[in-house]
Protein chains: 2
Amino acid sequence: MPLNSGQIDKRIRAFTKICRQSGVRATHQRREIFREVARTDEHPDAETIYKRVRKRMPTVSLDTIYRTLSLLEEKGLLKRLELFSGRTRFDANTQPHHHFICTQCGLVRDFTSEQMDALARPNEVRSWGEVRSVNVQLRGICSACRAKGRRARAK
Amino acid sequence: MPLNSGQIDKRIRAFTKICRQSGVRATHQRREIFREVARTDEHPDAETIYKRVRKRMPTVSLDTIYRTLSLLEEKGLLKRLELFSGRTRFDANTQPHHHFICTQCGLVRDFTSEQMDALARPNEVRSWGEVRSVNVQLRGICSACRAKGRRARAK
DNA sequence: CCTGAAATAAGAATTATTCCTATTTAATTA
DNA sequence: TAATTAAATAGGAATAATTCTTATTTCAGG
């Protein structure tokens with residue numbers, strides 16, 4: 001479960017590099033927040049990160065946690081684990097199926113794939129627990145958004 | 001995009017049957033709410049469903065929408081599209097990878113799989129848009145939760 | 001060292017969702 | 001059919017996660 005320190009250092013270096021390259025300040029707060037996410041593979045939430053960073057920086061604000069996490073995501077240093085931002089959506093299709101999701105407009109389309117349903121569980125996964133369902137998401141840009149994007153760029 | 005009416009009817013019949021079998025009342029509200037999700041493949045959120053149902057039942061309350069959606073999920077008539085309930089979590093692993101998720105405790109473990117990274121996009125998907133990433137989630141019960149469950153049941 | 005832009009802290013505001021309670025509905029019994 | 005009772009709903013209050021606002025602080029460049 002623990003990450004090896006070489007990997008963590010590599011992530012920290014990427015943070016430093018990207019801050020420099022994109023002209024954002026690598027402040028003490030940002031560094032601590034990123035370190036807190038980068039040092040673990042437990043995929044913490046904002047509140048957890050807040051509590052941990054506060055141990056070393058008691059005055060850090062929750063808002064800074066959120067702002068920084070958004071910034072880090074924008075810079076590609078970390079990812080949000082969520083299907084959509086905002087509201088939960090519902091699916092009445094109870095057959096096994098998978099989703100194409102447009103990351104721009106939120107369009108979701110269902111599709112089936114025997115290949116995906118039958119994907120082999122890697123050995124390590126078998127040791128972690130019992131898999132009950134396989135869900136594949138293909139994330140990208142739908143045709144409508146791509147067309148809109150082209151038109152917008154052409155203006 | 002529109003579902004054929006045969007499929008919709010099939011879903012409505014499943015609703016009726018499951019309500020009867022599990023002894024919950026198939027009230028007017030529940031029927032309308034389920035129909036609203038079942039009649040479309042756009043995977044609507046609670047607010048959208050609320051607005052649509054209100055057109056026919058102006059007095060329906062938002063709380064009934066939420067309560068009913070939870071009930072319908074519990075009965076297996078629909079699914080929530082979300083990775084976790086509640087807080088958004090963050091991942092500092094920027095390499096392509098996939099997730100094992102324990103649906104009980106929320107444990108997330110990363111794993112890599114060339115087979116999964118290379119999954120073929122079904123043809124229909126290609127016509128919907130451009131896929132930029134493939135994400136597989138294996139959802140199930142982790143060993144720790146399974147052990148706890150066994151202990152709890154043994155008591 | 002000074003100045004201005006960037007970043008932060010603190011708390012208010014917003015948004016999605018859940019909870020509470022009085023009322024209504026509907027199944028069951030008399 | 002009327003009375004009884006449990007289930008379900010409406011409406012609004014409460015909560016939880018996240019975002020916004022504003023005054024203050026920090027820091028890089030002149």
Side-chain angles (χ1 to χ4, degrees), chain A residues 15-16 18-37 43-75 77-90 106, chain B residues 15-16 18-37 43-75 77-90 106:
Chain A
F15 165 82
T16 307
I18 285 184
C19 285
R20 194 164 359 92
Q21 283 179 347
S22 65
V24 312
R25 294 182 189 164
T27 62
H28 191 194
Q29 286 90 336
R30 285 176 179 166
R31 198 175 292 278
E32 289 299 317
I33 291 165
F34 180 68
R35 262 162 58 83
E36 214 43 73
V37 187
H43 311 79
D45 58 45
E47 192 68 32
T48 302
I49 298 164
Y50 179 50
K51 281 183 197 150
R52 291 178 185 173
V53 170
R54 225 173 13 167
K55 285 184 188 165
R56 308 171 179 202
M57 295 186 69
T59 65
V60 74
S61 79
L62 185 54
D63 178 60
T64 297
I65 306 291
Y66 278 106
R67 251 185 307 103
T68 300
L69 290 171
S70 294
L71 177 79
L72 295 171
E73 185 195 18
E74 199 181 295
K75 299 300 178 196
L77 287 162
L78 47 80
K79 282 187 177 154
R80 244 169 245 271
L81 295 186
E82 65 181 4
L83 292 185
F84 313 100
S85 55
R87 302 173 179 168
T88 298
R89 297 169 66 168
F90 294 86
Chain B
F15 165 81
T16 307
I18 285 184
C19 284
R20 193 165 358 91
Q21 284 180 346
S22 63
V24 312
R25 294 182 188 165
T27 63
H28 191 196
Q29 286 91 337
R30 287 174 179 167
R31 198 175 293 278
E32 288 299 319
I33 291 164
F34 180 69
R35 262 163 56 82
E36 215 42 73
V37 187
H43 311 79
D45 58 46
E47 192 69 31
T48 302
I49 297 163
Y50 178 49
K51 281 183 195 147
R52 291 179 185 170
V53 170
R54 224 172 13 166
K55 286 185 188 163
R56 308 171 179 200
M57 296 186 69
T59 64
V60 74
S61 79
L62 185 54
D63 179 58
T64 297
I65 305 291
Y66 278 105
R67 250 185 309 104
T68 300
L69 289 171
S70 293
L71 177 79
L72 295 172
E73 185 196 16
E74 199 181 296
K75 299 300 177 198
L77 286 162
L78 47 80
K79 282 189 178 153
R80 244 169 246 270
L81 294 186
E82 65 181 4
L83 291 186
F84 313 99
S85 56
R87 303 172 178 168
T88 298
R89 298 170 65 170
F90 294 86

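Because the structure is a prediction, the values reported are computed rather than measured. In what follows, chains are A, B, ... by sequence order, proteins preceding strands, each numbered from 1.
Ranked by how close their nearest DNA chain D nucleotide is to the 5' end, B:Thr88 and B:Gly23 are led by B:Gly23. Summary of the strand contacts: B:Val24 and B:Gly86 both lie near DNA chain D, and taking for each the nucleotide with the nearest heavy atom, the more 5' one is attributed to B:Val24.
For B:Arg67 and B:Thr64, the side-chain atoms include at least one donor-acceptor pair closer than 3.5 Å.
Expressed to the nearest 0.5 Å, how far CG of A:Leu62 lies from CD of A:Glu47 amounts to 5.5 Å. Put simply, CZ on A:Arg30 and CG on A:Leu69 are 11.5 Å apart, with the number rounded to the nearest 0.5 Å. Note that CD1 of A:Ile65 and NZ of A:Lys51 are 12.0 Å apart. Values are rounded to the nearest 0.5 Å. Rounded to the nearest 0.5 angstrom, B:Arg25 CZ and B:Leu71 CG are separated by 13.0 Å. Taken to the nearest 0.5 Å, the CG atom of A:Leu78 stands 10.5 Å off from the CD1 atom of A:Ile33. Within the model, atoms CZ of B:Phe34 and OG1 of B:Thr27 stand 13.0 Å from one another, a figure rounded to the nearest 0.5 Å.
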In B/S/- notation, 5' to 3', how is nucleotides 23-30 of chain D contacted by protein heavy atoms closer than 4.0 Å? ---BB---
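If you measure from atom OH of A:Tyr50 to atom C1' of D:dT18, you get 14 Å, rounded to the nearest angstrom. Computed from coordinates, the A:Asp45 CG to D:dA17 P distance equals 8 Å when rounded to whole Å. Spacing between atom CD1 of A:Ile49 and atom P of D:dA17 amounts to 14 Å, rounded to whole angstrom units. Atom CD in B:Glu74 sits about 11 Å away from atom P in D:dA8, given to the nearest Å.
If you run side-chain contact (heavy atoms from CB on, under 4.5 Å) between B:Arg52 and each of B:Glu36, B:Arg35, B:Glu32, only B:Glu36 comes through.
Within a heavy-atom distance below 4.0 Å of DNA chain D, the residues of residues 55-73 of chain B found are B:Thr59, B:Val60, B:Ser61, B:Asp63, B:Thr64, B:Arg67.
Between A:Arg89 and A:Leu83, the closest side-chain pair of non-hydrogen atoms is not below 4.5 Å. At a threshold of 4.5 Å between non-hydrogen side-chain atoms, the residues B:Phe15 and B:Cys19 count as touching. Within the 4.5 Å cutoff, no side-chain heavy atoms of A:Phe90 are placed close to those of B:Lys79.
Mapping heavy-atom proximity under 4.0 Å, the span of DNA chain C touched by chain B runs 5' to 3' from C:dA16 to C:dA26.
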